Participant: 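Please read through the structure below; I'll follow up with questions.
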Amino acid sequence: MIRNVVGSVLALAGATAAVWSPFRAWYDGRHGRTYRIDDLFTGITDARAEVIGSILLPFAFAALLTLVGVVIRSRWPVALAGLVVLGFTVLWMVRVGQVEDGIGVGSDGRGLGTGVALALGGGVLLLLGALVMSGRPKPHATRVDGPATRPSDGPATRPTDGPATRPSDGPPDSPPPEDRT
């Protein structure tokens, strides 16, 4: 149970960082919410996006996946959310690198901004949360044929062609083992 709690906290922190990242500067002071989703597949342009058509949309979808994964205690939606965040962030970095002939980090506020760091950190936290979560408990299987041994009889032997037998057991009609000749 503690693993699910810790994993859920990590996942929710990662989803929060991912959703917050488009509202921070991504490159040269330009906020992530101004990059269109279409630009990720066709090339980065100077065109500004509406908030709903920006890079915020896949991150909001990842946050929704995270919430679903935490509520149903499943690690797969959380891991998928982490992959979505990291995938879109890396794709954005590749596209900006193509337009700018490389990307860098400058101390004067130029280059990669805190939004990219939040997105990458959020994606990593989502994946860590998925790894830490133990998921749903497995239902315990009950034996249909009962236990293999009775506590008073000792260990059972199982031949490959029939049911479990004990050394003292014989066919039901046979005399006790001492009387067999």
Side-chain angles (χ1 to χ4, degrees), residues 1-140:
M1 183 172 109
I2 193 74
R3 288 182 61 188
N4 276 334
V5 171
V6 171
S8 297
V9 169
L10 286 172
L12 291 172
T16 302
V19 170
W20 185 29
S21 71
F23 297 99
R24 308 291 297 162
W26 275 52
Y27 195 78
D28 285 345
R30 185 175 172 187
H31 286 211
R33 68 179 182 268
T34 63
Y35 290 101
R36 298 181 313 169
I37 294 176
D38 186 46
D39 287 351
L40 298 177
F41 301 103
T42 60
I44 302 292
T45 63
D46 289 334
R48 304 288 178 172
E50 297 293 322
V51 173
I52 196 67
S54 71
I55 201 168
L56 174 65
L57 187 62
F59 292 166
F61 175 72
L64 180 66
L65 277 175
T66 302
L67 287 175
V68 167
V70 167
V71 167
I72 66 172
R73 293 186 306 179
S74 176
R75 59 182 13 176
W76 295 111
V78 176
L80 181 61
L83 292 175
V84 166
V85 170
L86 288 175
F88 274 94
T89 305
V90 169
L91 181 60
W92 174 86
M93 291 173 73
V94 167
R95 291 300 186 180
V96 167
Q98 289 173 341
V99 170
E100 299 287 331
D101 294 326
I103 54 177
V105 178
S107 61
D108 60 351
R110 299 195 47 84
L112 293 175
T114 57
V116 177
L118 280 170
L120 290 173
V124 169
L125 280 175
L126 285 165
L127 290 178
L128 282 174
L131 285 174
V132 170
M133 288 176 72
S134 60
R136 291 181 179 199
K138 304 280 188 250
H140 295 292

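Note that this is a predicted model, so its numbers are computed, not measured.
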Participant: For Gly111 and Asp28, work out which heavy atoms get closest and say how close.
Facilitator: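 Minimum heavy-atom separation between Gly111 and Asp28: N-OD1, 2.7 Å.
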Participant: Under a 3.5 Å distance rule, please check whether Arg24 uses its side chain to pair with a backbone N or O of Gly32 as donor and acceptor.
Facilitator: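 Such a contact is absent between Arg24 side chain and Gly32 backbone.
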Participant: Indicate the atoms forming the closest heavy-atom contact of Leu127 with Ala79, along with that distance.
Facilitator: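 Looks like CD2-O, 3.6 Å.
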Participant: Give me the atom names and distance for the closest heavy-atom approach of Ala17 to Gly122.
Facilitator: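 Shortest heavy-atom contact: CB-CA, 4.0 Å.
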Participant: Distance from Leu10 atom CG to Thr66 atom OG1, nearest 0.5 Å?
Facilitator: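 These two atoms lie 11.5 Å from each other.
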Participant: If every non-hydrogen atom of Ala18 is compared with every non-hydrogen atom of Phe59, which pair is closest and at what distance?
Facilitator: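 Reported closest heavy-atom pair: O-CD1, 3.2 Å.
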Participant: So how far is it from Thr34 OG1 to Asp39 CG, rounded to the nearest 0.5 Å?
Facilitator: 9.0 Å
Participant: I'd like to know whether Leu40 forms a side chain to side chain contact (heavy atoms under 4.5 Å, CB included) with Val94, so could you lay out the CA-CA distance, the side-chain angles of the two residues, the decisive distance to 0.1 Å, and finally the verdict.
Facilitator: CA-CA 9 Å; Leu40 298 177; Val94 167; over 6 Å; no
Participant: Counting N and O atoms only, with roles assigned by atom type, does the side chain of Asn4 sit under 3.5 Å from a partner on the main chain of Met133, one being a donor and the other an acceptor?
Facilitator: no
Participant: For Ala11 and Val78, which heavy atoms make the closest approach, and how far apart are they?
Facilitator: CB-CG1, 3.6 Å
Participant: Return the CG to OG distance between Asp38 and Ser54, rounded to the nearest 0.5 Å.
Facilitator: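 Output value for this atom pair is 13.0 Å.
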Participant: Show the numbers, then the answer: is there a side chain to side chain contact (heavy atoms under 4.5 Å, CB included) between Leu65 and Leu126?
Facilitator: CA-CA 11 Å; Leu65 277 175; Leu126 285 165; over 6 Å; no
Participant: Check the pair Arg95, Tyr35 against side chain to side chain contact (heavy atoms under 4.5 Å, CB included), reporting the backbone distance first and the verdict last.
Facilitator: CA-CA 11 Å; Arg95 291 300 186 180; Tyr35 290 101; over 6 Å; no
Participant: Ala25: what forms a side-chain contact (heavy atoms from CB on, under 4.5 Å) with it, not counting sequence neighbours?
Facilitator: His31
Participant: Does Val124 reach the side chain of Val85, with side-chain heavy atoms less than 4.5 Å apart?
Facilitator: no
Participant: How close do Arg30 and Ile44 get, counting heavy atoms only, and between which atoms?
Facilitator: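 Closest pair (atom of Arg30, atom of Ile44, distance): NH1-CG2, 4.4 Å.
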Participant: With Val116, which residues qualify under side-chain contact (heavy atoms from CB on, under 4.5 Å), at least two apart?
Facilitator: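 By the side-chain contact (heavy atoms from CB on, under 4.5 Å) rule, Val116 matches Trp26, Thr89, Trp92, Met93, Leu112, Leu120.
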